[in-house]
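Heads up: the structure comes next, in structure tokens.
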Amino acid sequence: MTRDLAGRRERLDTVMEQRGAWPTDSPWLREAMAALPRDAFAPDRLWRWDGHAYVPLDRATDPAAWADELYAGPDAAAVTQVTGGLPSSSLSAPAVVADMLDSLVLEPGHTVWDIGTGQGWSCALAAWRAGPGRVVSTEIDEGLAVLARRRLATAGVGAEISVGNGTGSVPPGGPFDRIHATYAVETVPDEWINAARPGGRIVYPWGRLGHVALTVGADGRSASGWVQGLGQFMADRSGPAPASAGYDGYAKVRGTGDPDAGQVVERDLAPLADNWDLRFAVRVAVPGALVVTGRDEEGVNAWIHDGTASWAALSARGDGSAVLYQGGRRRIGDELLTAWAQWEAHGRPAPYDYGITVTPERQWAWLREPDGCRWPITAVLPFG
């Protein structure tokens, strides 16, 4: 098994190199991941989606399947905990971990607050770079914190793990030079800004579709920065339970109510399924919208909902157009189409063209410059 894992590590390293996933500005990450491999922080049970439910993969009974799941590829996360039939913790995809830690611009001697310990891998990598005693990590799940402490000790990593709600409480050791969160929040908590030094950097997943790097202002109360990359993340456990990400979530929100009369939309819906630049633009301009797509003989269909009371369905007609039905408090289908048109009018920007500014009074996303086209960010994260 040790030989098999070594081979998988080498293949992952090679694939990361071939696709340019090793950050050129942070060459230390490749060395750190070799010294602290992913398998050293994985639990003995992983979970795989079989098309209907998450099924366990146990290292003791099927080590090859366990290792295949753990090293499925640079963009593949490994589910490490399932609660109520849904993933509640994971080892993030290697490429995403590297991208986020590269965005942190971490240097030896920096103090780091790692929020959302999980299995402890990101915490260990940050400590490898920052140095012993420079990283404190917070985990809301006491059981996960206990296991992570054991793994860090076995690996000889000098980092501290505390149990608590990282969204609302700050551990001793601040102010911090760097703050690194591994679960999705919609708005940045005031506590994170206040816990960072002026000029410090905060890297966090914004919702579940990308991560952002903010630099804290000289006033110590505001921050601003750019979207750094795409990726999907677990939601903040301290918030409301997220809505289902699949079609069943849409069906639950729609219920049995009658829709508005259908209207023809002269659009081919394929970009909603295939173009992640468009999907990100919708994520920015339509707060809380979750988009599910599927194909049939007529083309791509789309189902949209906000996790609470508003929904829309776009049904392909087979001729490059679709019929829009919607219901609820919001006309979320109209919002999506407006956002789509705006995205085209702005020259079809990529996620990296967007940024976020946080002040004590409000938070907003912006396009190309903080004072340019902007969209307010609300505190609700109704999707999962």
Side-chain angles (χ1 to χ4, degrees), residues 1-50 57-80 87 89-108 114 118-130 135 148 151-152 154-157 159 180 182 203 205 209-211 213 227-234 274 276-277 350-352:
M1 183 61 182
T2 300
R3 182 181 301 171
D4 289 344
L5 287 173
R8 285 177 169 84
R9 294 171 196 158
E10 291 175 4
R11 285 193 291 274
L12 175 63
D13 179 273
T14 299
V15 173
M16 294 269 286
E17 180 179 25
Q18 290 173 342
R19 56 175 277 183
W22 290 118
T24 56
D25 291 337
S26 301
W28 65 269
L29 275 162
R30 192 172 187 177
E31 187 177 350
M33 285 193 181
L36 298 166
R38 185 174 176 80
D39 52 87
F41 294 86
D44 290 333
R45 170 170 286 181
L46 300 175
W47 298 83
R48 174 183 292 166
W49 179 254
D50 69 356
L57 296 173
D58 289 327
R59 186 174 187 173
T61 58
D62 196 346
W66 178 90
D68 286 344
E69 189 72 10
L70 185 62
Y71 284 101
D75 300 317
V79 175
T80 56
S89 188
S90 69
L91 268 169
S92 296
V96 172
V97 171
D99 197 15
M100 289 187 70
L101 288 173
D102 175 50
S103 299
L104 203 60
V105 193
L106 183 57
E107 298 291 344
D114 176 73
Q119 309 306 309
W121 191 37
S122 292
C123 170
L125 295 170
W128 189 95
R129 176 64 167 172
V135 178
R151 295 185 186 107
L152 290 170
T154 299
V157 175
H180 175 248
T182 60
V203 174
L209 202 56
H211 66 275
V227 172
Q228 300 291 306
L230 291 173
Q232 294 184 319
F233 302 86
M234 300 290 176
D274 304 327
W276 285 98
D277 291 353
Y352 309 100

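The model shown is predicted, which means the values in this text are computed figures rather than measured ones.
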**Q.** Shortest non-hydrogen separation from V96 to L230 and the atoms involved
**A.** CG2-O, 4.4 Å
**Q.** Shortest non-hydrogen contact from P94 toward M33
**A.** O-CE, 3.7 Å
(Q) Distance check, rounded to the nearest 0.5 Å: H180 atom NE2 versus L101 atom CG? (A) 4.5 Å
Q. Looking only at heavy atoms, which two atoms of P23 and A98 are closest? And how far apart?
A. CG-O, 3.8 Å
Q.
Ignoring hydrogens, what is the shortest heavy-atom contact between A124 and L36? Give both atom names and the distance.
A. O-CD1, 3.5 Å
Q. If you round to the nearest 0.5 Å, how far is CZ of R9 from OG1 of T14?
A. 14.0 Å
**Q.** Spacing of D13 atom CG and Q18 atom CD [to the nearest 0.5 Å]
**A.** 10.0 Å
Q) Would a distance-only check, ignoring hydrogens and angles, find a side-chain to backbone donor-acceptor pair under 3.5 Å from T80 to S89? A) yes
**Q.** Nearest heavy atoms of A34 and P37, plus distance in Å
**A.** O-CD, 3.8 Å
Q. In this structure, which one of S92, P43, S90 forms a side chain to side chain contact (heavy atoms under 4.5 Å, CB included) with Q119?
A. P43
Q: Could you tell me which non-hydrogen atom of V203 sits nearest to which non-hydrogen atom of A213, and how far apart they are?
A: CG2-CB, 3.9 Å
Q.
I need the W66 CH2 to Y71 OH distance, nearest 0.5 Å.
A. 7.5 Å
Q | For R151, all residues meeting salt bridge (Lys or Arg N to Asp or Glu O under 4.0 Å), sequence neighbours excluded | A | none
Q: Not counting sequence neighbours, which residues clear side-chain hydrogen bond (donor to acceptor under 3.5 Å, both in side chains) with D58? List them please.
A: R45
Q.
Tell me if a side-chain donor or acceptor on R48 pairs with a main-chain N or O of L57 at a distance below 3.5 Å.
A. no
Q. CE/M100 to CG/L29 distance, rounded to the nearest 0.5 angstrom?
A. 12.0 Å
**Q.** Pairwise distance CD(E17) to CH2(W22) - rounded to 0.5 angstrom
**A.** 9.5 Å
(Q) Apply side chain to side chain contact (heavy atoms under 4.5 Å, CB included) to residues D68 and R8 and explain how you reach the verdict. (A) CA-CA 8 Å; D68 286 344; R8 285 177 169 84; 2.5 Å; yes
